[in-house]
Structures are given as structure tokens and as C-alpha cells.
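What follows is a single structure, written as C-alpha cells, with notes after it.
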Amino acid sequence: MTTVDELAATLLDAQAHAVLVDPLSAADAGLDLPAGYAVGAAITTRRRARGERTVGRKIGFTNANIWAEYDVDAPLWAHLYDTTLRHAPEGHTTAILAGMAAPRIEPEIVVGLRHALPADATDPELLLHAVGWVALGFEVVDCHFADWRFTLADAVADFGLHAALIVGEPLALPDEIDHNLLDALARCVLTLRCDGAVVATGVGSNALGSPLLALAHLARTLHAQNAEPLAAGEVVTTGTLTPAFPVAPGQTWVASLEGLPLAPLTLVAA
């Protein structure tokens, strides 16, 4: 059986050269979900060793509406890095797709933690109190397996399908709990446009019922895996509210929200 380090090296090489490889599960029948996370952890160790810093987490597949498309049945998580996270404080940015194998774009609600989040945090007020800011974001996801076909374990190992996260203008949250915001995070409606045409809409509740509930799911999962817990200052993107769409140079993508006072975010692909 191929070792975890060998599988990590295979995916790091695929990322470095923007090439496709066979799903790890096809060559390694023993690649279950824990093994996929072990490969992901080995990749994180190597990336840190070469100077990259982990700055947060992404949660993937929180939107059960897209599970059938990818033949998965649960969310996943992966690290964000200082090399993959970008801020667009004026709500407009250019994303370079060179070096990606098969990029797709996902509009998401992103949060910044002002407090560490305990594993048993389930109360919505406690969850919201841990959040210092909220913003619209675009995650550019990438897959190193042909036709985006994989097992959940493959996707976890493949960087959690994470390539880049662009964070829009943040809305700073007060220390006191805004109960209207608790409801708005679940009920807000997102509209996604490409080159001026509406391609999809989604609601905040598509992320496991609410971005806050997605955050709670992540905290529980990390605790169950004995992984590094969520710390103050981390950026967490809570999962796509719409299907993911292939993205190509020259396109302009705009995400906007109704029901939540977040500034729209524009991404020009190059």
C-alpha cells in the first residue's frame, strides 16, 4: 500500500504542475476518510515546512443540494494558507487562474473569529459572539482528478479542493448579540452573476442550516478528529450557497446578498 507521505507527494506534485492524476482511492483501496485526512495533514506539514502559514479553515460540501452531483454525503474541511487567502476590501479583485488544473468558483459567507471556539459550542448566541466579522467571499476550488470525480476521502486529500479564497469587505460585529443577525444569516438570499447574467441563487440556510451551524459542525469535527481547534483570528469560509461553476479567464463574477448588510463582491478571472 502506498504510504501517506507518498500520496501527499503525488498531490503536491499535481498541484505544482497543474496536472490531473488518478483518484487516490482508485490506486489505494484502503483510502478511507481518516486516511484522506492523514494525507491532508501530511500536506499541511510539508506546506508549513516550506514557509506557508495556516490562517483558517474552509468547510466544503455544507450545501447538501450539491451532494448528488459529486457523489458525496458529508461535509469536509481543510486549511487555508497565507498564500491562498486574499482580501478585497473595496469589493473588487482579479483572480489569476494560471497554475490551476480545473478551477470552479463558489460564493460563500466568510467569518473571522475573535475568540477561540469550543468543540461543544452549539448555542447560536455563543457562536455569533465568537465571530468578529462577516463578509462575502469567493472560494476558487480546484480538483486534480479528471471530470471532478472522486470519493470524499479523495477530495479531503486533494487540499480539500481548496485553491484560493477572496474575502470581500467585512462587516464588523459588535460585542453585544444582534438577534436580527442570527436570523438573517440563515435567511439571506445570494445572487450569483457571471458577465452580468444571473446564473444561480442560494440562501444562507444552504450551509448546514446557517453559516453559524456550519461553524459549529467544524468545531465538533475538529474535536472528534483530535485536530487543531479553531483559534482566535482564524478565517473560516462556510461553504458554497450555490452550485460551483467552472471559471475561465475573462469572466466577471459578482455575488450580492439580500437580507444581510454585506457589500457585493466582484471577481475578474484572469
### Message
Quick one, Arg187 with Ser205, criterion side-chain hydrogen bond (donor to acceptor under 3.5 Å, both in side chains). Give me CA distance, side-chain angles, the key distance, then yes/no.
### Response
CA-CA 6 Å; Arg187 292 182 178 273; Ser205 60; over 6 Å; no
### Message
Would Leu267 and Thr252 count as a side-chain contact (heavy atoms from CB on, under 4.5 Å) here? Give the steps.
### Response
CA-CA 6 Å; Leu267 180 149; Thr252 298; over 6 Å; no
### Message
If you apply the rule side-chain contact (heavy atoms from CB on, under 4.5 Å), what do you find for Leu215 with Val236, and how did you get there?
### Response
CA-CA 8 Å; Leu215 191 62; Val236 179; 3.9 Å; yes
### Task
Could you walk me through whether Glu125 and Leu182 pass side-chain contact (heavy atoms from CB on, under 4.5 Å), step by step?
CA-CA 8 Å; Glu125 291 191 5; Leu182 286 172; 4.0 Å; yes
### Task
Evaluate side-chain contact (heavy atoms from CB on, under 4.5 Å) for Leu190 paired with Leu136, printing each intermediate quantity in order.
CA-CA 10 Å; Leu190 182 143; Leu136 263 179; 3.6 Å; yes
### Query
Step by step, would you call Arg50 with Glu52 a salt bridge (Lys or Arg N to Asp or Glu O under 4.0 Å)?
CA-CA 6 Å; Arg50 69 190 189 190; Glu52 293 181 83; 2.8 Å; yes
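Between the Glu234 side chain and the Leu113 main chain, no donor and acceptor come within less than 3.5 Å of each other. Counting only distance, with no hydrogens or angles, the side chain of Asn206 and the backbone of Asn63 share no donor-acceptor pair below 3.5 Å. For the pair Asp142 (side chain) and Ala101 (backbone), a donor-acceptor distance under 3.5 Å is present. Using modelled atom types, one side-chain atom of Thr238 and one backbone atom of Ile109 make a donor-acceptor pair closer than 3.5 Å. No side-chain donor-acceptor contact under 3.5 Å links Gln225 to the backbone of Leu222. Under a 3.5 Å cut-off, the side chain of Asp158 and the backbone N or O of Leu161 do not form any donor-acceptor pair. A donor-acceptor contact shorter than 3.5 Å is absent between the side chain of Thr240 and the backbone of Glu108. A donor-acceptor contact shorter than 3.5 Å links the side chain of Lys58 to the backbone of Gly160.
Between Phe159 and His144, the two ring planes are perpendicular [angle over 60°; tilted spans 30° to 60°]. Between His87 and Trp133, the ring planes are perpendicular. Angles over 60° get that label, and only those under 30° would be called parallel.
Of the N and O atoms on the side chains of Thr93 and Arg86, at least one donor lies less than 3.5 Å from an acceptor on the other residue. Counting only N and O atoms by type, the side chains of Glu69 and Trp148 include no donor and acceptor under 3.5 Å apart. Between the side chains of Asp154 and Thr151, at least one donor N or O sits under 3.5 Å from an acceptor N or O.
Counting heavy atoms from C-beta on, the side chains of Pro75 and His217 come closer than 4.5 Å. Put simply, the side chain of Met100 reaches to within 4.5 Å of the side chain of Val140, judged on heavy atoms. Between Val131 and Leu212, the closest side-chain pair of non-hydrogen atoms falls below 4.5 Å. The closest side-chain heavy-atom distance from Leu173 to Arg114 is below 4.5 Å. Residues Val110 and Val235 form a side-chain contact, since some pair of their non-hydrogen atoms from C-beta on lies under 4.5 Å apart. Residues Thr44 and Tyr81 form a side-chain contact, since some pair of their non-hydrogen atoms from C-beta on lies under 4.5 Å apart. Residues Phe150 and Ser25 form no side-chain contact, since every pair of their non-hydrogen atoms from C-beta on lies 4.5 Å or further apart. Taking the side chain as every heavy atom from C-beta outward, Asp22 and Phe145 never approach each other to under 4.5 Å.
Tyr70 and Leu33 fall within the same hydrophobic cluster, where Ile, Leu, Val, Met, Phe, Trp and Tyr residues are linked whenever their side-chain heavy atoms come under 4.5 Å apart, directly or through other members. Placement of Val203 and Val111 in two distinct hydrophobic clusters is found when ILVMFWY residues are connected by side-chain heavy-atom separations under 4.5 Å, directly or transitively. One hydrophobic cluster, built from ILVMFWY side chains closer than 4.5 Å, holds both Val141 and Leu192. Following chains of ILVMFWY side-chain contacts shorter than 4.5 Å, one can reach Trp77 starting from Leu117, so the two form part of one hydrophobic cluster. In this structure, Leu80 is not a member of the same hydrophobic cluster as Ile105, with clusters built from ILVMFWY side-chain heavy atoms closer than 4.5 Å.
The two atoms that bring Gly36 and Leu31 nearest to each other are N-CD1, 4.1 Å, heavy atoms only. The minimum heavy-atom distance between Phe61 and Ile66, with the atom names listed, is CD2-CD1, 4.1 Å. In terms of heavy-atom proximity, Ala269 sits nearest to Leu97 at CB-CD1, 3.9 Å. Between Cys188 and Leu257, the shortest heavy-atom distance links the atoms SG-CD2, 4.0 Å. The shortest non-hydrogen separation linking Thr94 to Ala270 is CG2-CB, 3.7 Å. The heavy-atom pair separating Pro118 from Ala219 by the smallest distance is O-CB, 3.8 Å.
Put simply, CZ on Arg47 and OG1 on Thr83 are 5.0 Å apart, with the number rounded to the nearest 0.5 Å. Note: Ser210 OG to Leu127 CG = 8.5 Å, rounded to the nearest 0.5 Å. Here the straight-line distance linking atom CG of Leu260 with atom CG of Asp183 works out to 10.5 Å at 0.5 Å rounding. Remark: Ile59 CD1 to Leu218 CG distance equals 4.5 Å, nearest 0.5 Å.
More than 12 non-hydrogen atoms from other residues, nucleotides or ligands lie less than 6.0 angstrom from CG of Asp195.
Between Glu139 and Arg57, no side-chain nitrogen of the basic residue sits less than 4.0 Å from a carboxylate oxygen of the acidic one, so the salt-bridge criterion is not met.
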